[in-house]
**Student:** 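This is the structure I want to talk about, given as structure tokens.
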Amino acid sequence: MKILIIGSGGRENAITYAVKKSKIENEIYCAPGNGGTETYAVNVPIKQDDVKGLLDFALKNKIDLTVVGPEIPLSLGIVDEFTAAGLKIFGPDKKAALLESSKKFSKDFLKKYNIKTAGYKSFDDLIEAENYVKNNSHPLVIKASGLAAGKGVFISKDVEESKTILKSIFIDKIFGKSGETVVIEDYLEGFELSYMIVTDGISYKPLITSMDYKKIGEGDAGENTGGMGAVTPNPYVSENLVNKINKNIIEPTLEGLQKEGIKYKGILYAGLMIKGDDIYVLEFNVRFGDPETQAVLIRLESDIIKLFLSVINENLKNYKLIFDDNKSICLVLASGGYPKDYKTGYEIIFDKSLHDTGLIDKNGVEYYIFHAGTKKTAEKYLTDGGRVLNVCAKGKGKDIIHAVYDIAENIVFKDKYYRKDIGKILN
Ligand code: AMP
Ligand code: GLY
């Protein structure tokens with residue numbers, strides 16, 4: 001089977017790895033891929049937002065199955081285009097992707113279907129937004145409605161700060177078109193959790209729970225990032241909570257989508273805030289989370305190609321989604337400076353044998369190295385992004401933490417940075 005995976009992060013490297021493990025014989029292409037996907041796939045230099053280029057490639061090369069990693073091609077309607085051309089593709093269509101690509105759409109949807117979310121109002125106009133922040137108590141949360149690579153959310157402590165943020169969005173246009181509409185939300189306090197399910201538009205199955213470390217610094221200090229690490233299972237999530245999330249959030253969301261005439265196929269990722277007995281939706285993502293997916297997929301036992309096909313063919317209910325009973329961890333090695341400015345192009349020096357993922361070390365810990373922002377040139381790997389490598393491991397106990405930190409210490413590149421507290425809560 002010829003498979004095309006779209007994207008270039010650690011998530012796509014993990015998907016590539018899971019596909020390679022499938023019992024269905026396959027030949028993988030990654031567009032554009034990274035230094036790590038080259039181990040299993042042929043990298044094709046087509047950008048993730050070049051929907052036409054990707055479609056031409058898929059048609060010309062008779063691709064049997066395409067899997068979309070990131071949100072941008074989904075929001076551009078890649079699934080609609082591929083499906084119209086008779087190609088099989090995993091991911092939600094353009095209308096369904098609005099749940100992530102328009103925060104206004106997603107908030108209006110939640111309100112319409114009585115699914116708990118922070119109180120909010122949307123604005124297309126600076127003056128009206130300024131009046132609103134003047135008349136409402138702070139903190140407030142100000143969000144660009146469109147896609148902003150995780151950088152479009154501000155927590156503002158007072159009116160002055162809110163005005164500065166609004167000016168930067170409406171006048172300086174720091175998010176371009178993504179900031180033409182702004183959503184202003186009430187600030188919620190509680191504990192945050194990400195929850196992923198897979199659905200074919202008819203039934204759904206939850207993935208194992210995971211926890212994402214969003215902030216750049218230890219103890220969750222400093223700036224928000226795409227994610228500096230992840231663990232599974234999420235130690236704060238009981239079975240009881242999972243049942244409540246399914247009943248109060250996932251099921252009403254899927255029913256609401258059906259009522260809107262939206263057939264949602266793919267991964268639905270809910271960013272949730274738990275406050276006492278209440279569960280609020282902070283946001284939806286319409287794709288696998290990164291780096292949660294790396295920690296999740298190394299525990300997947302059932303066949304991922306069959307999973308993708310069962311979703312596309314609307315037959316998910318007959319697919320047995322099986323994960324092993326390990327714990328897992330993913331540690332992100334980043335370029336110093338990330339999530340702000342950082343330099344790239346530094347050589348990465350590491351034991352090449354580590355590069356073949358799925359190795360078992362002497363304590364029974366299986367570890368994996370996935371590439372994110374890397375590039376392969378002749379015989380060298382170079383840093384090529386903010387998040388550079390993902391060191392992952394699975395096993396029964398705390399050994400997995402020692403394993404990833406041992407490996408992380410022995411990987412050398414200039415400006416290497418990683419959090420020292422990922423997975424400390426696992427026991
Ligand atoms: P989002 O992309 O909407 O999930 O927002 C990014 C991050 O901002 C979340 O993970 C939260 O930490 C924070 N956040 C978003 N909305 C709220 C809210 N209404 N109250 C408190 N924190 C929020
Ligand atoms: N780790 C959060 C995300 O993928 O958006």
Side-chain angles (χ1 to χ4, degrees), residues 7 9-12 14-15 68-72 74-75 97 99-107 110-111 116-122 136-157 162 165 175 178-179 182-196 207 209-216 220-232 234 266-275 278-297 330-332 334 338-339 372 386-387 390 419 422:
R11 168 182 51 206
E12 286 74 24
I15 295 172
V68 189
E71 62 278 15
I72 288 176
L74 295 169
S75 75
L99 277 186
E100 177 165 1
S101 61
S102 166
K103 289 198 190 280
K104 178 179 180 329
F105 174 89
S106 131
K107 296 290 284 187
L110 289 163
K111 191 170 162 197
K116 281 207 170 86
T117 188
Y120 72 102
K121 216 164 154 30
S122 333
N136 279 276
S137 57
H138 283 68
L140 284 173
V141 185
I142 303 180
K143 301 183 176 182
S145 178
L147 294 178
K151 298 192 174 88
V153 176
F154 301 88
I155 294 169
S156 164
K157 63 180 181 319
S162 289
I165 294 165
F175 300 118
S178 287
V182 164
V183 175
I184 305 182
E185 288 184 15
D186 300 339
Y187 177 76
L188 295 175
E189 250 168 318
F191 99 82
E192 262 189 83
L193 113 93
S194 18
Y195 190 73
M196 288 190 272
L207 306 189
T209 63
S210 57
M211 180 172 147
D212 169 22
Y213 293 73
K214 285 189 199 295
K215 304 280 185 198
I216 188 71
D220 290 328
E223 303 237 10
N224 249 332
T225 69
M228 294 303 292
V231 294
T232 77
N234 185 324
I267 301 291
L268 179 67
Y269 169 127
L272 304 172
M273 183 75 89
I274 315 291
K275 200 177 156 194
D278 295 322
I279 307 169
Y280 293 84
V281 177
L282 290 181
E283 63 159 350
F284 285 120
N285 294 324
V286 295
R287 51 168 174 83
F288 281 113
D290 184 346
E292 297 92 319
T293 299
Q294 292 83 309
V296 167
L297 288 187
C330 172
L331 172 68
V332 173
Y338 172 80
R387 293 188 290 176
N390 302 152
R419 270 178 68 161
I422 306 298

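Side-chain atoms are counted along with the backbone in the values below, which use heavy atoms only and exclude waters and symmetry mates. Because the structure is predicted, anything quoted here is derived from the model rather than measured. Remember, it's 1-based here, ligands and their atoms both numbered in the order they're listed.
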**Student:** Just to verify, which of K214, K215, R419 counts as forming a side-chain contact (heavy atoms from CB on, under 4.5 Å) with M228?
**Tutor:** R419
**Student:** For atom 5 (O) of ligand 2, what is the closest protein heavy atom, and at what distance to 0.1 Å?
**Tutor:** R287 NH2, 2.9 Å
**Student:** Pair K107, T117 - check side-chain hydrogen bond (donor to acceptor under 3.5 Å, both in side chains), show working.
**Tutor:** CA-CA 7 Å; K107 296 290 284 187; T117 188; 2.8 Å; yes
**Student:** Looking at V231, is its backbone amide N or carbonyl O close enough to the side chain of S210 to form a donor-acceptor pair, meaning the two atoms are under 3.5 Å apart?
**Tutor:** no
**Student:** Taking only non-hydrogen atoms of G227, do any sit less than 4.0 angstrom from ligand 2?
**Tutor:** no
**Student:** Looking only at atom types and distance, does a side-chain atom of R387 sit under 3.5 Å from a main-chain N or O of G227, one as donor and one as acceptor?
**Tutor:** yes
**Student:** Measure from every N or O atom of ligand 1 to the protein's N or O atoms and keep only the pairs below 3.5 Å, writing each with atom names and distance to 0.1 Å.
**Tutor:**
residue: ligand 1; atom: 2 (O); partner: K103; partner atom: NZ; Å: 3.4
residue: ligand 1; atom: 2 (O); partner: E283; partner atom: OE1; Å: 3.1
residue: ligand 1; atom: 3 (O); partner: K103; partner atom: NZ; Å: 3.2
residue: ligand 1; atom: 3 (O); partner: K143; partner atom: NZ; Å: 2.8
residue: ligand 1; atom: 4 (O); partner: E283; partner atom: OE1; Å: 3.4
residue: ligand 1; atom: 4 (O); partner: E283; partner atom: OE2; Å: 3.0
residue: ligand 1; atom: 10 (O); partner: E192; partner atom: OE1; Å: 2.5
residue: ligand 1; atom: 12 (O); partner: E192; partner atom: OE1; Å: 3.4
residue: ligand 1; atom: 12 (O); partner: E192; partner atom: OE2; Å: 2.6
residue: ligand 1; atom: 16 (N); partner: K143; partner atom: NZ; Å: 3.0
residue: ligand 1; atom: 19 (N); partner: E185; partner atom: OE1; Å: 2.8
residue: ligand 1; atom: 19 (N); partner: D186; partner atom: O; Å: 3.0
residue: ligand 1; atom: 20 (N); partner: L188; partner atom: N; Å: 2.8

**Student:** Hey, is ligand 2 close enough to D212 that some N/O pair sits below 3.5 Å?
**Tutor:** yes
**Student:** Could you name each residue pair satisfying side chain to side chain donor-acceptor pair (under 3.5 Å) that touches residues 141-151, not counting sequence neighbours?
**Tutor:** K143-E185
**Student:** Report, in ascending order of atom number, the atoms of ligand 2 lying under 4.0 Å from any heavy atom of G226.
**Tutor:** 1 (N), 2 (C)
**Student:** Checking S101 now: which residues fulfil side chain to side chain contact (heavy atoms under 4.5 Å, CB included) with it, not counting sequence neighbours?
**Tutor:** S75, L98, L147
**Student:** Kindly say whether A97 contributes a backbone atom to a donor-acceptor pair with the side chain of R287 at under 3.5 angstrom?
**Tutor:** no
**Student:** Measuring from L140:CG to Y187:OH, what's the distance to the nearest 0.5 Å?
**Tutor:** 11.5 Å
**Student:** Holding to side chain to side chain contact (heavy atoms under 4.5 Å, CB included), I want the full list of residues that pass it with L188, two or more places apart in sequence or in another chain.
**Tutor:** A118, M273, K275, Y280, L282
**Student:** At a 4.0 Å threshold, what atoms of ligand 2 neighbour a non-hydrogen atom of N285?
**Tutor:** 5 (O)
**Student:** List ligand 2 atoms under 4.0 Å from G289, heavy atoms only on the residue side.
**Tutor:** 4 (O)
